Structure formats: structure tokens, C-alpha cells
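Just so it is clear, the structure is predicted and the values come from calculations on it, not from any experiment. Naming: A, B, ... by sequence-line order, numbering from 1 per chain. Keep in mind that the numbers below use all heavy atoms, side chains included, and drop hydrogens, waters and symmetry copies.
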Number of protein chains: 2
Amino acid sequence: MITISLSSSIPLQDQLVAELRRLIATGKLSVGDDLPPVRQLANDLGINLNTVARAYRELTDAGLLTSVRGRGTVVIDTTERPRGKPNEERKRVEQILGAALTDAKIAGFSESEARAMIERQIERIWKS
Amino acid sequence: MITISLSSSIPLQDQLVAELRRLIATGKLSVGDDLPPVRQLANDLGINLNTVARAYRELTDAGLLTSVRGRGTVVIDTTERPRGKPNEERKRVEQILGAALTDAKIAGFSESEARAMIERQIERIWKS
DNA sequence: CCCAATTGTATCATTGACTGATACAATGGC
DNA sequence: GCCATTGTATCAGTCAATGATACAATTGGG
């Protein structure tokens, strides 16, 4: 269900966060669902448990998950759809985004690779 | 002509390479054009001369520039679109994605709104 | 009630990429 | 030949990412 690339230049933690965001955004994970314990997921993916824990922490800080020691990590929010905005403006921005993503696909990038790049850019643009 | 962000999380060298690629791809730099000496450009941008030299070197290795000690750096090819190096390609695509998302933010869209639009485009581009 | 298993968290060390300071080497004009 | 200009090489410092390990809280079985 969750796949990451150990050889990618994209940090493992970022890849994992992107994967989890994708699962939540696409409904593969719903409110109330339990996530695997950090040790189990870390073992399955072949990475350190801290890397998983930090990914969980990042999404917890973002308000998507909640973690309780000894109990586990649960989905508590599935990010909502956008509210109204001028339709033209949305179409324009969406077209630019679509062009950029199309470029990414033509360049040979997979969906998850594109998602990882998107996460990095969102981090840079909205959170720094 | 060349602008980079000192506070960005994207490495300066990568930003500079992307900028130079952009100038070459858009015809702002043509075959035979001289690039600024590494020290001058470094001084203009407020960064280390090595960072500029490494960016030049990267594009030289890619076959777009030629550098001769004591003489300078010149554009020798404007047609090349290397598909070979996934890492370089990734940074190029990431820059385009970043520009699109920056546009979205300037247009007033929130992070979650941007994510929703991204989901829609990914659905369209990769899954249909 | 205890204790052991389970689970997330905190701390410290290591590694590698990025950047910079400085010295070196080649080219060309005078 | 000299020297200013230009790219290159070498070394060091910083920081993010990752990992190894120990700690702390919760749960459930006896």
C-alpha cells in the first residue's frame, strides 16, 4: 500500500509523508483508521523507525493524524475540498498546474515522484 | 536577468542551473554568448564563486557551455534537452512545479485548495 | 494490582550534500 | 616576461537527513 524508493534523492521522510497524504486524500485511509505502528512500518519499508515516527509527527502537526504513546496513530481529519473562488481564476491556475504536471509526466516521472516534488514545493511556498 | 532566492530550501547551485537553463531555452542566451565571470556573477548574486563555478561546470558537463581558464565561459549549444540525468531533470521539473504553485498562492489559494486542484490534475494526467 | 508487551518520543551520533574561504593554474594583453 | 583575469582544485564548516539506542506512556493478561 505504501511504497518508497530507498535510492531516490528525495528524503525518505518526505516520500512517506507524501504517500500518507495521498492515501488520505484519495480516501484509502479514512477518519478513524489506524496506521501501522512505527516499528512495523519501518520494518516493512526497510527504514528506521524514527523516519516513520517523524513522518507521523509531521502529519500530526498538520492536523491529519493523532498519536498516543502505547496506543497508536489514527487518522482524525481528511483534508477538505476547496471552498468557492472565482471560477476563472481557478481554471487559470489549474491549467498552469496541469501543464507543469504534464511536463513532469512527459519527463518520465511517476505519480508518486511527482507527489514528492509537489510536497517539497508546497513546503517551500506555504510553510517557509 | 538571473535571480535566485537565498532563503529557499532549493540549493543555490540548483537554482542557478535552472535559471541558466531557462535563459538558454528561452533564447535569452544564444550560442556564442559569454557568461559573466564566476566572480562577478557570484558577487552580483551574493553567493560564493564556487557555487557559480559548479553550476557552470554542471552545464558544461551537460554539453551546453564550455569553460576555458583565463578566457571565460561561453554558450555552445541551445538545443540539448538531456533526458539522461534524472536528478537534473527532476530539479528542472520541480522548478516548473514550484512556479505553478507559487502562482497559485499569489492568486490567493490556500494550501489545501492547491492540494485539491493537484489531486484533480493528477487524476486526469496519470489515471485516465 | 503488577508486569510485560506494545507503542510513540526523546536524545545522541553519523553521514553526506551544500556552501564557502583560500590557494592554484591557465590564458591573453601589454 | 609580467600581471590581471578567469576557471579549477582543495580543504573546512554547517546543516539536514537518517539511524542506533534509551526512555515513557498505555494497554491487557495473570
Chemist: Nearest 0.5 angstrom please: A/Ile118 CD1 to B/Glu119 CD, how far?
Modeler: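 A/Ile118 atom CD1 to B/Glu119 atom CD measures 8.0 Å (nearest 0.5 Å).
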Chemist: Are the charged groups of B/Glu111 and B/Arg115 less than 4.0 angstrom apart, N to O?
Modeler: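 Salt bridge between B/Glu111 and B/Arg115, a charged N being under 4.0 Å from a carboxylate O: yes.
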Chemist: Under 4.0 Å between a Lys/Arg side-chain N and an Asp/Glu carboxylate O for B/Lys105 and B/Glu113?
Modeler: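 Salt bridge absent between B/Lys105 and B/Glu113.
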Chemist: Short question: side chain of A/Asp33, backbone of A/Ser30 - any donor-acceptor pair under 3.5 Å?
Modeler: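 Yes; at least one donor-acceptor contact below 3.5 Å.
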Chemist: Tell me: CG of A/Asn48 to P of D/dA16, nearest whole Å?
Modeler: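 Rounded to whole Å, this separation is 19 Å.
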Chemist: Go through it in stages, so that I can follow the logic: the residues are B/Ile24 and B/Arg21, the test is side-chain contact (heavy atoms from CB on, under 4.5 Å), and I'd like the CA-CA distance, side-chain angles, deciding distance and then a yes or no.
Modeler: CA-CA 5 Å; B/Ile24 292 173; B/Arg21 276 190 183 282; 5.8 Å; no
Chemist: Distance check needed: D/dG7 P versus B/Asp61 CG, whole Å only.
Modeler: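 Atom-to-atom, B/Asp61 to D/dG7, this comes out as 15 Å.
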Chemist: In whole Å, I'd like the distance from the CG atom of B/Leu59 to the P atom of D/dT8.
Modeler: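 Whole-Å distance recorded here is 12 Å.
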Chemist: Looking at B/Leu16 and B/Leu45, what are the two nearest heavy atoms and their distance?
Modeler: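 Of all heavy-atom pairs spanning B/Leu16 and B/Leu45, the closest is CD1-CD1, 4.1 Å.
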Chemist: Tell me: CZ of A/Arg54 to C1' of D/dA20, nearest whole Å?
Modeler: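 In whole Å, D/dA20 C1' lies 11 Å from A/Arg54 CZ.
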Chemist: In whole Å, what is the span from the CZ atom of B/Arg57 to the P atom of C/dC18?
Modeler: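 Distance check: B/Arg57 CZ to C/dC18 P gives 16 Å.
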Chemist: Could you give the distance from CH2 (A/Trp126) to OG1 (B/Thr102), rounded to the nearest 0.5 Å?
Modeler: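 So the CH2 of A/Trp126 and the OG1 of B/Thr102 are separated by 7.5 Å.
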Chemist: Just to be sure I understand the geometry, which residues of residues 34-44 of chain A put a non-hydrogen atom under 4.0 Å away from DNA chain C?
Modeler: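 Listed by number, they are A/Pro37, A/Val38, A/Arg39.
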Chemist: Just N and O in the side chain of A/Thr51: are any of them under 4.0 Å from OP1 or OP2 of D/dG19?
Modeler: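 Indeed, a polar side-chain atom of A/Thr51 lies that close.
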Chemist: If each of B/Thr73 and A/Leu12 is mapped to the nucleotide of DNA chain D with the nearest heavy atom, which maps nearer the 5' terminus, i.e. the 5' end?
Modeler: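 Of the two residues, B/Thr73 wins.
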Chemist: If you round to the nearest 0.5 Å, how far is CG of B/Asp44 from CD1 of B/Ile4?
Modeler: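 CG of B/Asp44 is found 10.5 Å from CD1 of B/Ile4.
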Chemist: Check B/Glu123 with B/Arg120, please: is the shortest side-chain N to carboxylate O separation under 4.0 Å?
Modeler: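 The answer is no: the pair does not qualify as a salt bridge.
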Chemist: How many whole angstroms separate atom CD of B/Glu58 from atom P of D/dT8?
Modeler: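 Rounded to the whole Å, the gap is 13 Å.
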Chemist: Quick one: is B/Asn50 getting a side-chain N or O under 4.0 Å of the D/dT8 phosphate, OP1 or OP2?
Modeler: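 No, outside the criterion.
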Chemist: Tabulate protein N/O versus nucleotide N/O from nucleotides 26-29 of chain D, keeping only pairs under 3.5 Å, one per line.
Modeler:
{"unit_1": "D/dT26", "atom_1": "O4'", "unit_2": "A/Arg69", "atom_2": "O", "d": "3.1"}

Chemist: Using whole Å, what does the distance between atom C1' of nucleotide C/dG8 and atom CG of A/Leu65 come to?
Modeler: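 Interatomic distance, CG of A/Leu65 to C1' of C/dG8: 13 Å.
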Chemist: Round to a whole Å and report the spacing from CZ of A/Arg120 to C1' of C/dA17.
Modeler: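 Value for this atom pair: 12 Å.
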